[in-house]
Amino acid sequence: MNLRTFFALPVPERIARPLSDCADTLCAYDRGLDAHWVDSANYHLTLCFTGEVTLDQVTELEQLCRERLKRQGSFMVQLDRLAYYKANPRLAVLAALTSESEPLMELHRQMVEIAKEAGIRYDERDFKPHITLARLPASNRFEVPDCWPQPGLTTPADSVVLFQSRPGERGSIYTPLFEVHLSACNQAL
């Protein structure tokens with residue numbers, strides 16, 4: 001049995017609420033009603049897509065994460081802009097993006113290395129850690145606003161979760177498979 005999975009940072013409700021307000025503002029630009037808006041309870045900051053994995057690979061991913069991240073300190077991530085971009089030839093997204101953050105990019109690199117070590121083929125060019133607010137077909141009528149809402153938020157990076165993603169009636173259903181807490185002391189990466 002294969003599971004569709006990805007690594008992400010959970011987003012606390014106190015951050016999800018104002019992000020949801022930003023998403024509500026962007027609804028006016030969805031002229032063709034093409035967007036599938038993500039429920040704010042499902043917001044997460046995606047670090048690395050791992051794709052289809054076996055149950056044995058989930059076990060290996062957890063062991064590798066617990067070992068590699070045991071000395072990883074927690075840190076804060078700035079969510080300072082929203083953007084529209086084509087994720088692939090079929091899909092576009094509206095997302096909250098982070099400012100340049102070396103600790104976040106280093107954590108992303110670690111998750112990619114862990115995935116590769118578990119035998120997962122990883123090839124994502126131009127991946128950006130992000131929080132998806134909405135998904136749209138690549139050919140859509142979304143009008144990119146001249147002036148984007150500015151989230152100006154800071155979210156903690158204090159645990160990494162491997163989520164399973166399954167299609168649901170109202171969008172994807174995300175189930176945590178395991179969570180690795182990062183150290184409370186703020187260590188340099």
Side-chain angles (χ1 to χ4, degrees), residues 4-49 74-109 111-112 124-163 165-176 179 182 186 189:
R4 184 171 170 75
T5 60
F6 62 91
F7 283 117
L9 300 173
V11 173
E13 185 182 340
R14 72 180 192 288
I15 303 301
R17 263 185 273 123
L19 270 182
S20 180
D21 291 343
C22 289
D24 288 347
T25 302
L26 294 174
C27 285
Y29 298 93
D30 183 20
R31 301 290 186 211
L33 301 176
D34 296 316
H36 298 280
W37 297 94
V38 175
D39 186 291
S40 63
N42 288 325
Y43 286 170
H44 54 268
L45 197 152
T46 305
L47 290 171
C48 169
F49 292 111
S74 59
F75 55 94
M76 299 303 286
V77 177
Q78 292 285 106
L79 300 170
D80 52 7
R81 61 195 170 97
L82 303 180
Y84 166 89
Y85 64 93
K86 300 236 171 141
N88 62 47
R90 297 180 323 275
L91 178 72
V93 295
L94 290 167
L97 300 176
T98 65
S99 9
E100 291 299 316
S101 165
E102 187 50 40
L104 181 63
M105 292 314 294
E106 179 56 32
L107 184 58
H108 162 70
R109 283 189 287 273
M111 304 323 296
V112 169
E124 275 188 59
R125 296 174 187 97
D126 302 326
F127 175 83
K128 305 172 189 111
H130 64 280
I131 299 172
T132 301
L133 304 177
R135 290 176 188 81
L136 302 96
S139 60
N140 63 68
R141 291 172 279 171
F142 182 79
E143 292 179 14
V144 176
D146 292 331
C147 185
W148 288 88
Q150 300 296 312
L153 299 167
T154 303
T155 190
D158 53 10
S159 68
V160 173
V161 177
L162 182 72
F163 284 99
S165 175
R166 293 178 317 215
E169 206 172 280
R170 294 184 174 176
S172 296
I173 299 168
Y174 304 120
T175 306
E179 180 172 15
L182 305 181
N186 221 353
L189 292 175

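In what follows, every heavy atom counts, from backbone to side chain, and hydrogens, waters and symmetry copies are set aside. A quick note: this is a predicted structure, and the numbers were derived from the prediction, not measured. Positions are given from 1 along the sequence.
Annotation: side chain of Leu107 is in contact with side chain of Phe75 (closest heavy-atom distance under 4.5 Å). Between Pro10 and Glu179, some side-chain heavy-atom pair lies under the 4.5 Å cut-off. No side-chain heavy atom of Leu133 sits less than 4.5 Å from a side-chain heavy atom of Val93.
For Pro156 against Met76, the heavy-atom pair with the smallest separation is CA-SD, 3.7 Å. Scanning all heavy atoms of the two residues, the minimum distance from Ile15 to Leu153 falls at O-CD1, 3.9 Å. Of all heavy-atom pairs spanning Ala157 and Leu9, the tightest one is CB-CD1, 3.7 Å. Across Ala134 and Trp37, no two heavy atoms sit closer than the pair CB-CE3, 3.4 Å. Residues Tyr84 and Ala138 share a closest heavy-atom pair of OH-O, 4.1 Å. Annotation for Arg14 and Arg17: closest pair CA-NH2, 4.0 Å, computed over non-hydrogen atoms.
Taken from OG in Ser20 to CG in Asp39, the straight-line distance is 7.5 Å, to the nearest 0.5 Å. Going from atom NE2 of His130 over to atom NE2 of His44 covers 6.5 Å, rounded to the nearest 0.5 Å. Rounded to the nearest 0.5 Å, atoms CD (Gln150) and CG (Leu79) are 12.0 Å apart. Note: Ser172 OG to Arg135 CZ = 5.0 Å, rounded to the nearest 0.5 Å. The CZ atom of Arg166 sits 5.0 Å away from the CD1 atom of Ile173 when rounded to the nearest 0.5 Å.
Checking each of Tyr43, Phe49, Phe7, Phe6 against Phe163 for a ring pair (Phe, Tyr, Trp, His ring centres under 6.0 Å) leaves exactly one that passes, namely Phe6. Of the candidates Leu26, Thr25, Ile131, Leu82 forms a side-chain contact (heavy atoms from CB on, under 4.5 Å) with just one, namely Leu26.
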Anything under 3.5 Å between a donor and an acceptor, one on a side chain of residues 29-36, the other on a protein residue two or more places apart or in another chain? List them.
unit_1	atom_1	unit_2	atom_2	d
Asp30	OD1	Leu33	N	3.4
Asp30	OD1	Asp34	N	2.9
Asp30	OD1	Ala35	N	3.4
Asp30	OD2	Asp34	N	3.4
Asp30	OD2	Ala35	N	3.1
Arg31	NE	Glu143	OE1	3.3
Arg31	NE	Glu143	OE2	3.1
Arg31	NH1	Ala28	O	2.8
Asp34	OD2	Arg141	N	2.8

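Relative orientation of the Phe127 and His108 rings is parallel, given thresholds of 30° and 60° on the angle between their planes.
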Check against side-chain contact (heavy atoms from CB on, under 4.5 Å), Trp148 and Leu94: CA-CA 11 Å; Trp148 288 88; Leu94 290 167; 3.8 Å; yes
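Between the side chains of Thr98 and Gln78, no donor-acceptor pair of N or O atoms lies under 3.5 Å.
Among pairs with a residue in residues 83-101, none fulfils salt bridge (charged side-chain N to carboxylate O under 4.0 Å, His left out), at least two apart in sequence or across chains.
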